[in-house]
Amino acid sequence: MRNEEVARVFDRIADLLEIKGESIYRVLAYRRATEEIRSYPRDVEEVWKAGELKLIPGVGEAIAEKIDELFRTGKLDYYENLKREIPESLADLLQVGGVGPKKAARFWKELGITTREGLEAAAREGRLRSMEGMGEKSETRILESLAALRRRETGRIPLGRARESAARLLARLRSLPGVERAEAAGSLRRWRETVGDLDFVVAATQSESVRRAIVEWSDIVRVLGQGETKVSLELQEGLRLQLWVHPPERFGSAWQYATGSQAHSVRLREFALDQGLSLSEHGFKRTNGKEILCASEEEVYSTLGLPWIPPELREDRGEFEAARAGRLPGLVEESDLRGELHTHSLWSDGTVDIRELAEAARDMGLEYLVITDHSKSLGMVQGLDEARVREQRAEVKSIQKSLGSDVRILHGAEVEILADGQLDFPDSVLAGLDLVVASVHTSLRQPRAQMTERVVRALANPNVDVLGHPTGRLLGKRDPSDLDMDAVFRTAAEHQVALEMNCHPERLDLNDIQARAALDFGCMLAIDTDAHHPDHLRLREYGVGMARRAWAAKHSVVNTWPLADLETWLGRRKGAVRRDRG
DNA sequence: GCCGTTTTCGGCCCGACTGTTTTCAGTCG
């Protein structure tokens, strides 16, 4: 059972307990455990086997016992009993906007509604207004929310799409009269791989005129809410936007608040309370009522004696402990990247020739670039055979000659890891390449043991330098392959193979949690765009965002290294081969 | 239900916005 499956059980339990009217703190305890399990860097099943469940934050005696029962028996009596008591489908109502646990419970008890379909029918027939506290507007809101839910398959949109929209909206916000500053916040600013709403904070002295201007934007489908400091809107395609307007002298606390995460902000406010301060989006308040205003985020953190914490770390995953100990990591930055290790040219399925790629890399300030076209067994993309690899090597040489020394082109390949873990080229060919990215593109659904053995075997080949898009997932489209990631990380660390953080917004593979686990195993990372077009080289920022969420420092990312250091690392395999031969 | 260099019991963030019940509960982030 995977972490996500375990997390789902406890999330469901929290929903049902909340509908049942249990103590909110018990519910919150289940929610906390859910989040911790979901983002836990190791397989909880392994943690269970090691008898270390209580090492997971938020997991105490009671929840540890339940996890144990889940792994031992595959089910959980407590959960089964709860489902007999409260219809499980009621939990689906909680996703409907404006419906929380209290209303869900009353729909069930007073009107016998247990499903979304039932709720919709009742709202259409005007039966909801028979309940105290419910009127016509509530019915309309629920019908609109149900329709919005259907429009959007999942509640969250991929970061890539969110960032495109956000950039557009931000430019418009900044051009409004009276706006002194406008910034993105929320999970977008934290570089989460998916984003719920687009959150923005605006600094303006005249809040009202700004809010008025915004709600008149032509692409707004409807206004979800509007008050003194906050506006919520729905844009086309079900995109939701939240915007806070605060005076410039309060911008810091407002931006911190809007950036979250919720868990991070809760901790921050607890910190404030310890020091006799109450923190909100408006600033700090002392017990005597006096305010401390923060125009910048730095002031928010420094008021509590903390260094500014980068948004990517704000998940309550140890950043406070690190900040207090003065051990926040120096995170990798996009400007640290000196090279690109994974690109495709016209030789396989890229869209431009090698020269164009190299020139684009050079123009972006990169010092080196590795051409890694596909290998032969990937026939549909014209993977290269041994003869074409040799031809390509000659072309790389000649282009290098004509380009001069501004950018160095290395000749590599993205080699298929075949279904049995063998590589698509013999060692003699691999050894002649400057760099080898090994990747899985086919038979992605092998059983766990087989898939793991396959990847581990490839990693152990001394000619392999980078494991490309390690899990094969496509965000929202294809699940990751079933792999024992601990075994993959252990092997990669042992053989000094770098793990790719594929920058394509559809992949983001490894993701943040996996990459952090990999770093714990002592692995190195490679932030690669897998570019098939020069424009794709710009996607580096996504990989950097993901790496920063993984707490990656510059030195852990091999393509931040100067070329000489990179070549030393690549040269290690010659040593390994010699060792193998005794 | 979890957690603790103030605590093993008594705490567990803070405010905005909405609809409807004319003073507030529920929802949301």
Side-chain angles (χ1 to χ4, degrees), chain A residues 10 13-14 17-19 21-36 53-67 78 93-107 128-129 131-142 144-145 155-156 185-187 190 195-201 207 211 223-233 240-246 250 253-254 256-285 304 314 316 321 324:
Chain A
F10 289 105
I13 289 175
L17 287 177
E18 204 173 5
I19 292 167
E22 267 283 358
S23 148
I24 188 61
Y25 296 113
R26 176 171 293 178
V27 173
L28 286 174
Y30 277 101
R31 298 246 186 256
R32 161 111 201 268
T34 299
E35 282 314 306
E36 295 288 351
L53 283 175
K54 283 163 82 174
L55 289 181
I56 303 170
V59 174
E61 197 74 39
I63 293 183
E65 274 176 22
K66 292 184 174 72
I67 297 175
Y78 180 76
L93 300 188
L94 301 181
Q95 271 81 58
V96 181
V99 178
K102 300 283 194 319
K103 284 190 188 149
R106 289 184 54 207
F107 290 151
L128 296 185
R129 70 188 76 173
M131 280 169 51
E132 198 177 344
M134 296 288 295
E136 199 179 334
K137 280 191 180 174
S138 300
E139 286 174 342
T140 310
R141 162 122 204 251
I142 282 169
E144 281 176 353
S145 301
R156 302 180 69 87
S187 43
R190 303 199 315 276
V195 171
D197 315 302
L198 301 179
D199 299 316
F200 299 98
V201 188
S207 148
R211 284 184 284 121
V223 178
L224 300 167
Q226 190 182 178
E228 284 282 300
T229 59
K230 187 183 166 185
V231 186
S232 314
L233 306 165
R240 279 181 325 217
L241 178 154
Q242 296 194 96
L243 183 135
W244 290 266
V245 186
H246 285 272
R250 298 182 191 269
S253 46
Q256 192 291 315
Y257 162 79
T259 299
S261 67
Q262 190 129 335
H264 176 89
S265 291
V266 167
R267 281 291 300 275
L268 198 65
R269 289 169 186 194
E270 285 171 358
F271 253 63
L273 282 179
D274 288 345
Q275 302 181 32
L277 296 167
S278 164
L279 172 63
S280 77
E281 58 262 52
H282 302 289
F284 290 99
K285 227 180 239 173
L304 299 173
R314 298 185 196 169
D316 191 20
E321 290 72 13
R324 275 202 291 189

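Each chain gets a letter, A, B and so on, in the order its sequence line appears, and its residues count up from 1. Quantities reported herein were computed from a predicted structural model and do not represent experimental measurements.
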Expressed in angstrom and rounded to an integer, what is the separation of Leu243(A) atom CG from dG29(B) atom P?
-> 15 Å
Write down the distance separating the C1' atoms in dC2(B) and dT7(B), rounded off to the nearest Å.
-> 13 Å
What residues form a side-chain hydrogen bond (donor to acceptor under 3.5 Å, both in side chains) with Ser207(A), not counting sequence neighbours?
-> Arg211(A)
Any residue meeting side chain to side chain contact (heavy atoms under 4.5 Å, CB included) with Leu268(A), in chain and number order, not counting sequence neighbours | Gln256(A), Leu279(A), Val300(A), Tyr301(A), Leu304(A), Leu306(A), Phe320(A)
For Ser23(A), all residues meeting side chain to side chain contact (heavy atoms under 4.5 Å, CB included), sequence neighbours excluded = Tyr25(A), Arg26(A)
Pull out every protein N or O sitting under 3.5 Å from an N or O of nucleotides 17-19 of chain B, one pair per line with the distance.
from	atom 1	to	atom 2	distance (Å)
dC17(B)	OP1	Glu228(A)	N	2.9
dC17(B)	OP1	Thr229(A)	N	2.8
dC17(B)	OP1	Lys230(A)	N	2.8
dC17(B)	OP2	Glu228(A)	N	3.2
dT18(B)	OP1	Gln226(A)	N	2.4
dT18(B)	OP1	Gln226(A)	O	3.1
dT18(B)	OP2	Gln226(A)	O	2.9
dG19(B)	O3'	Ser138(A)	OG	3.3

Look at all strands and tell whether Val223(A) reaches a base, only sugar-phosphate, or nothing, counting heavy atoms closer than 4.0 Å.
-> nothing
Between dC28(B) (C1') and Gln242(A) (CD): distance, integer Å = 8 Å
If a protein heavy atom is under 4.0 Å from the base, mark B; if only from the sugar-phosphate, S; if neither, -; do that for nucleotides 1-14 of chain B going 5' to 3'.
-> BSS--------BBB
Relative to each other, are the rings of Tyr30(A) and Tyr78(A) parallel, tilted or perpendicular (30° and 60° limits)?
-> parallel
To the nearest angstrom, the NZ-C1' distance between Lys102(A) and dT21(B) comes to 16 Å
Partners meeting ring-ring contact (aromatic ring centres under 6.0 Å, His included) with Phe200(A) (sequence neighbours left out) = none
Answer for the Watson-Crick or wobble partner of dG26(B), both distances under 3.5 Å, is dC17(B)
With sequence neighbours excluded, residues passing salt bridge (charged side-chain N to carboxylate O under 4.0 Å, His left out) with Glu61(A) | Lys54(A)
dA25(B) C1' sits how many Å from Glu132(A) CD, rounded?
-> 11 Å
So which heavy atom on Leu94(A) is nearest to which on Pro101(A), and how close?
-> CD2-N, 3.6 Å
Considering residues at least two apart in sequence or located in another chain, which fulfil the side chain to side chain contact (heavy atoms under 4.5 Å, CB included) criterion with Ser280(A)?
-> His282(A)
Qualifying residues under side chain to side chain contact (heavy atoms under 4.5 Å, CB included), relative to Arg31(A), sequence neighbours excluded = Asp11(A), Ala14(A), Asp15(A), Glu18(A), Val27(A)
Taking CG from Leu198(A) and P from dG29(B), how many angstroms apart are they, rounded to a whole number?
-> 13 Å
Sugar-phosphate only, base, or nothing, as touched by Gly97(A) at under 4.0 Å among non-hydrogen atoms = sugar-phosphate
